[in-house]
Structures are given as C-alpha cells and as structure tokens.
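To start, the structure under review is shown below, and the notes come after it.
Lettering of chains follows the sequences in order, A, B, ..., and the numbering in each one begins at 1. Please read these numbers as outputs of a predicted model, since none were measured by experiment.
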Amino acid sequence: MSQKFTNTLTRRREEFVPLNPPRVGMYVCGPTVYGHSHLGHAKSYISFDVIVRWLRASGYDVNYVQNITDVGHLTDDADEGEDKIVVEARKRGLHPMAVVETFIRSYLEDMDALNILRADIMPRATGHIPEQIAMIQCLMARGHAYENNGSVYFSVGSFPDYGKLAGRKVEELEAGARVEVSEEKRHPADFALWKRAEPTHIMRWPSPWGDGFPGWHIECSAMSQKYLGDTLDIHGGGMENKFPHHECEIAQSECATGRQFVRFWLHNNMVTLNGQKMGKSLGNAISLKDVFHGRTDGVRDRNGALLLDRTYEPAVVRHFVLTSHYGAPLDFSAEALHGAESGSYKLRDALAAVADAAARAPTDRPARDVVRTALTEFDARATTAMHEDVNTAAAIASLFDLTRQTGEWLRAGDIGRADFAAALSTLHRWTADILGFAWRSEKASDNGRADAVIKILADLRLEARRDKNFALGDEIRKRLAAAGIELRDTPQGTTW
RNA sequence: GGCGGUGUACCCAAGUGGCCCAAGGGGACGGAUUGCAAAUCCGUUAUUCGCGGGUUCGAAUCCCGCCGCCGCCUCCA
C-alpha cells in the first residue's frame with residue numbers, strides 16, 4: 001500500500017515518493033489579497049490542508065509553503081491591466097498595503113475558522129522583491145528573458161517545454177490569442193517578469209531596469225526556490241491556474257535552475273453555483289463570512305435570488321467540501337449544504353456518545369475482539385481510501401459505517417470503557433487530526449450563565465412532565481426552541 | 001477552434017476490468033421506540049451507471065462515435 005496522487009503533469013495516478021523521504025516540500029498557490037475569501041478558496045485550501053494532514057499522519061515531514069500575492073496580479077489582459085490591489089485601494093481611498101493587511105487578516109480568520117493548519121511559511125511577494133529580481137537577472141543571463149523599455153519579458157520560444165503542463169503549443173497560443181499583443185513583446189505568448197512603473201504607480205521598487213514591480217508568476221518561482229529548493233515534491237493550486245500561471249512558473253524555474261521544478265502537480269477543481277464556476281470576477285462568489293455569519297438581507301446572487309437563508313458553521317463547510325473528491329467539481333446549493341450539515345452533525349453526535357462512554361462505561365469488562373477487529377478494519381479501509389489520491393469521500397463513508405457499529409456497542413451495554421477509549425482514539429484521529437473537523441462548541445462562553453438559566457428551565461420542564469403537565473413542558477421546550485435552544489431527552493437526561 | 005475535465009438514484013457523491021444486481025450522506029416513505037418531539041434503530045427508495053456501437057469469459061470502469069455540461073486559452077482557489 002502506498003500513496004498515490006493524480007499528477008496533472010502526466011495526467012496519471014502515480015505512486016508518490018518524495019525526493020528526500022521523509023521530507024516533503026510542498027507549495028500551494030495562496031490568495032491574491034484584494035477581497036474576502038469565498039467558497040472556492042475554502043475548497044482549495046481545505047483540500048490541500050487534508051493532504052498535508054494526511055501526509056504528516058503517514059509519517060512524512062512536510063514543509064508546507066503557501067504564498068500571499070500582494071502585488072503584481074493584474075486585472076486585465078496579460079501584462080496590460082491594472083494591479084487588482086491597486087484598484088481596490090483606489091476604491092477605498094487607502095494605501096494598497098492597507099488593503100493587503102485587511103484581506104490577509106480576513107483570509108487567516110476564515111481559514112482558522114475552517115480549521116485549516118497554517119502553512120509553515122507564508123511568504124509575501126512584496127517581501128521578496130530582491131529574490132525575484134535575482135531570478136530575472138539569472139533568466140536574462142541564460143538567454144531566456146529580454147528587457148524592453150524598462151520591462152522584462154520571458155521568451156517562451158527559449159523553452160521548448162513551454163505548454164507541457166496544460167497541453168498547449170506555443171504556435172496555437174498565438175493563433176487563439178484573444179488579446180491585443182503588447183508591442184514590447186517579441187512573441188505574443190511572452191509574459192512579463194518585471195513591469196515598468198508609470199510615474200503615478202504607487203507600488204514600485206527600484207530594479208536594474210528602473211522603477212517597477214514584479215510580474216505575477218515570478219513570485220512563486222522565486223519564493224518556492226528560496227524555501228523549498230529547486231525541485232518541489234508537490235505543487236498545488238486551482239485548476240484555473242494551470243494555464244498560464246503554473247505553466248509560466250515551470251518555464252521560469254526550469255530555465256533558471258536547469259532542473260525539474262515540480263514532481264507532482266496537484267490541481268483542485270472548482271466550486272460551481274448552478275453549474276457555473278464561482279468566481280469573484282463573475283460576481284457569484286459566496287463569501288465565507290456570509291456563510292458563517294450571514295447577512296441581514298440573506299445571501300443572494302446578482303439577480304437577487306436567495307442562495308442561503310441561514311448560516312452554517314465552518315465544520316459543515318469542511319464536511320461538504322470533503323464529501324467530494326478534490327479533483328472533481330463541487331456544485332454548491334443550499335440543499336446540498338444543508339444535507340452536509342445533517343451528515344456532519346450525525347458524525348459529531350456519534351463521536352460525542354463514544355466520548356461519553358469512554359468516560360463512563362464500566363471498567364470491569366474484558367476487551368472485545370469484535371471491537372478491535374472493527375477498528376482495525378475501519379482503519380485499513382480509510383487508509384486505503386486516502387492512499388488512492390486522497391479519497392476523503394470514501395474515508396468519510398467508512399467513518400459513517402464505523403459509527404453505525406459504535407452505536408451498536410453503545411446499545412449492547414456489555415462493552416467496557418477501554419474498548420470505547422480505543423474507539424474514541426481511532427475516531428478522533430480520523431475526524432479531528434486527519435480530516436480536521438472541529439465543530440463549534442455547543443455552549444457559548446458567557447461563563448456558563450446562559451447554561452445555568454437553561455438548566456433551570458429544563459429542570460422546571462422535567463417537574464412539569466412528572467406532574468403530567470405536558471402542556472407546560474411543551475411550552476417551555478417550544479419557547480426555548482424559538483430562541484434557538486433545542487432540548488433533547490436522552491437516557492442520560494436532558495441535553496441542549 | 002484548441003487543450004483539459006466531466007455526465008452514477010429525488011439531491012450531493014464514491015467507485016477506473018470480476019468482491020458492483022454500484023459505497024456513504026441528505027431527502028422521502030413504512031415500521032420500532034417515545035406522553036409529544038428530537039435523537040436513535042430496522043426496512044424500502046439505480047439489475048443500473050448520458051446515448052449508440054465495439055473489445056473481453058466478464059465493463060459504470062478499456063476502445064470508437066455521438067450528445068450534454070464545466071474549466072482554461074485575459075484575471076480568478
């Protein structure tokens with residue numbers, strides 16, 4: 001049994017062997033911070049988070065680097081539009097770096113809520129201008145880049161492999177080009193490594209070619225090399241970045257180092273909404289903050305149609321994302337998200353019941369073989385699923401099957417505490433450590449005062465029920481429910 | 001037009017040659033339990049995998065053709 005990944009470079013499912021085991025160098029394209037994160041970001045970063053968690057759980061020593069793009073990402077035709085961050089800064093009347101700070105915080109807040117582990121290193125493009133300039137100089141020295149009027153372009157003709165990732169040929173690119181070609185370029189497919197800054201341009205740095213700013217692609221090449229070396233074991237990112245972004249990264253890095261840039265290219269597929277890609281530029285992106293906290297007027301699409309009429313906690317979004325494969329598109333709908341919530345809570349409650357038994361079940365029962373066998377089988381099944389290109393959907397399915405069995409043990413009454421502790425440990429490893437589910441704690445932290453009040457009401461209801469005053473009992477439950485508090489009668493008493 | 005991907009039940013979705021008359025979740029329906037409710041439990045819900053051919057002893061899985069949808073070829077996780 002070994003780990004397999006679908007390598008976009010070869011379009012095959014291949015056995016994963018890192019260059020220097022147990023170390024794994026992994027780089028994932030981070031966000032361009034000019035707006036709040038949406039469900040598309042969630043799918044991408046949850047997917048790679050699970051890959052990192054799983055590789056670590058499998059004994060690999062993963063060095064995870066994810067960049068923050070805070071300059072150079074243009075709005076328009078390749079190399080001719082405006083910087084997205086500058087556009088947002090002008091809209092807000094702020095310095096671009098203030099915009100960057102705002103959205104980096106927003107991004108981290110959302111990712112933390114989703115229980116996504118922070119990357120070991122999160123380099124920012126603006127913090128690595130010298131490294132980018134150095135790489136550009138190296139490319140010029142090796143004859144892969146040329147300067148023209150203060151800008152520097154990569155010459156795709158100098159790299160025969162250009163197009164190998166996305167399956168394109170340079171000649172075809174020219175033919176299909178929709179964009180008016182800059183006259184500074186020698187070939188229409190050439191792309192900018194460094195752009196000359198016009199006098200009014202705010203984000204600018206001195207360079208051997210005059211004041212300017214780096215092109216979008218070069219940061220990933222320069223920063224990944226700095227922190228992970230010439231050859232990465234894994235490079236991840238969204239499908240839509242295969243071309244041109246990742247293709248350009250390969251060209252820059254391989255021409256600069258003369259070595260293979262990435263051994264395994266992993267691409268996650270898109271989140272769609274009504275079958276359409278969810279994207280900022282399409283105006284149909286649902287922000288994570290809207291999902292988690294809602295909006296007074298409901299979350300609506302451009303045409304005013306209601307997309308979400310209530311909020312969902314981050315663990316539910318995580319569950320939703322992980323019930324499909326990272327490489328498959330995921331179609332978003334309120335119905336699908338609602339279904340994910342029910343499933344997620346079923347898992348959460350089953351886990352809580354096992355935790356409870358692990359603390360209270362009798363200690364004088366012998367360990368049962370059925371338990372040990374069931375846990376071993378589950379573990380093997382889930383592991384196999386993860387080995388096959390990180391099949392989280394199948395792993396979750398086996399988790400549900402396991403909870404069906406723990407439910408039986410709970411009802412049987414003859415299973416001892418040690419067995420439940422073993423089950424809890426296995427469940428915890430898979431749900432919390434590997435899949436990263438962290439459900440919102442039921443009880444808000446107001447020093448337990450609300451809790452105490454609810455307990456009084458629950459006790460009064462119990463008294464009413466003892467007196468067969470069901471009308472009063474139901475009234476109490478009904479009004480608590482209206483306040484969002486649901487009483488449940490269980491064999492162990494009433495919970496909420 | 002080129003490149004990449006995808007099409008599995010009411011919804012989401014796994015499955016890449018036999019263990020598939022196809023996992024799991026949601027929903028619905030029937031039943032058990034419950035004063036009621038929730039939760040839980042049992043059962044039912046695709047002899048069939050976009051369509052048509054072919055290969056094979058055997059295909060959802062491979063090949064050919066067709067149709068639909070999505071992404072990329074400008075920016076987007």
If you check the A:Lys242 side chain, which of B:A14, B:G4, B:G71 turns out closest?
-> B:G4
Test item: A:Glu313 side-chain N/O and A:Arg440 main-chain N/O as donor-acceptor pair under 3.5 Å = yes
Looking only at side-chain atoms of A:Arg461, point me to the closest of B:A77, B:A14, B:G35.
-> B:G35
Using the six-membered ring wherever Trp is involved, compare the ring planes of A:Trp430 and A:Phe378 and label them parallel, tilted or perpendicular (cut-offs 30° and 60°).
-> perpendicular
Under 4.0 angstrom, heavy atoms only, what part of the nucleic acid is A:His319 near: base, sugar-phosphate, or nothing?
-> nothing
Of the nucleotides B:A77, B:A14, B:U16, which one has an atom closest to the side chain of A:His41?
-> B:A77
In whole angstroms, how far is the C1' atom of B:C42 from the CD atom of A:Glu408?
-> 11 Å
Earlier contact from the 5' end, RNA chain B, for A:Gly339 and A:His38 | A:Gly339
A:Ala336 side chain: which of B:C12, B:G25, B:C73 is closest?
-> B:C12
Rounding to a whole Å, what distance do you find between A:Ile396:CD1 and B:C12:C1'?
-> 12 Å
When you measure from the side chain of A:Ala397, which nucleotide among B:C75, B:G24, B:A77 comes out closest?
-> B:G24
Earlier contact from the 5' end, RNA chain B, for A:Tyr326 and A:Phe470 = A:Tyr326
Mind checking A:Tyr45 for me? I need base, sugar-phosphate or nothing, with any heavy atom below 4.0 Å counting as a touch.
-> sugar-phosphate
With heavy atoms under 4.0 Å as the rule, sort A:Arg477 into base, sugar-phosphate or nothing.
-> base
Using a heavy-atom cut-off of under 4.0 Å over every strand shown, decide if A:Glu335 touches base, sugar-phosphate, or nothing.
-> sugar-phosphate
More than 12 non-hydrogen atoms from neighbouring residues, nucleotides or ligands closer than 6.0 Å to NE2 on A:His428, yes or no?
-> no
OP1, OP2 of B:G15 versus side-chain N and O of A:Asn391: anything below 4.0 Å?
-> yes
Would you mind classifying the nucleic acid contact of A:Asp331 as base, sugar-phosphate or nothing, using non-hydrogen atoms under 4.0 angstrom?
-> sugar-phosphate
Specify whether A:His319 and A:Phe400 have parallel, tilted or perpendicular ring planes, treating 30° as the upper limit for parallel and 60° as the lower limit for perpendicular.
-> perpendicular
What is the nucleic acid contact for A:Arg466, judged by heavy atoms within less than 4.0 Å: base, sugar-phosphate only, or nothing?
-> nothing
Picking from B:U74, B:G25, B:C70, which would you name as closest to the side chain of A:Arg404?
-> B:G25
Integer-rounded Å distance: B:A22 P and A:Asp401 CG | 16 Å
Separation of B:A23 atom C1' from A:Glu388 atom CD, nearest Å, is 15 Å
Would you call the rings of A:Phe213 and A:His201 parallel, tilted or perpendicular if under 30° counts as parallel and over 60° as perpendicular?
-> parallel
Among B:A14, B:C70, B:G24, which nucleotide sits nearest the side chain of A:Thr272?
-> B:C70
Are A:Asp112 and A:Arg118 close enough that some pair of their side-chain heavy atoms sits under 4.5 Å apart?
-> yes
Do you know the tightest heavy-atom contact between A:Arg263 and A:Asp233?
-> NH1-OD1, 3.1 Å
Strand RNA chain B in bracket notation, Watson-Crick/G-U under 3.5 Å with | for pairs to another chain | ((((((((.[[[..)..(.....]]]((((((.......))))))....[[[[[..)....]]]]])))))))....
Choosing from B:A13, B:A77, B:G5, which nucleotide comes nearest the side chain of A:Ala393?
-> B:A13
Is there a donor in the side chain of A:Tyr27 and an acceptor in the side chain of A:Gln66, or the other way round, less than 3.5 Å apart?
-> no
A:Glu247 CD to B:U74 C1', straight-line distance once rounded to whole Å = 16 Å
B:A37 phosphate, OP1 or OP2: any side-chain N/O from A:Lys478 under 4.0 angstrom?
-> no
Does A:Arg411 make a side-chain N or O approach to OP1 or OP2 of B:A32 shorter than 4.0 Å?
-> no
Verify, without hydrogens or angle tests, whether A:Asp161 (side chain) and A:Lys164 (backbone) share a donor-acceptor contact under 3.5 angstrom.
-> no
May I ask you to say whether A:Glu88 pairs ionically with A:Lys91, meaning some side-chain N is under 4.0 Å from a carboxylate O?
-> yes
Can you tell me the distance, in whole Å, between the CZ atom of A:Arg13 and the C1' atom of B:U61?
-> 12 Å
Answer with base, sugar-phosphate or nothing: what part of the nucleic acid does A:Val271 contact at a heavy-atom distance below 4.0 Å?
-> base
Give the nucleotide from the list B:A14, B:A77, B:C72 with an atom nearest to the side chain of A:Ser324.
-> B:A14
Does A:Arg465 get its side chain close enough to the base of B:G35, under 3.5 Å, for a donor-acceptor pair?
-> yes
Check the distance between B:C3's P and A:Tyr162's OH and give it to me in whole angstrom.
-> 17 Å
Given B:G24, is OP1 or OP2 found less than 4.0 Å from the side-chain N or O atoms of A:Lys346?
-> no
Rounded to whole Å, the NZ-C1' distance (A:Lys195 to B:U74) equals 13 Å
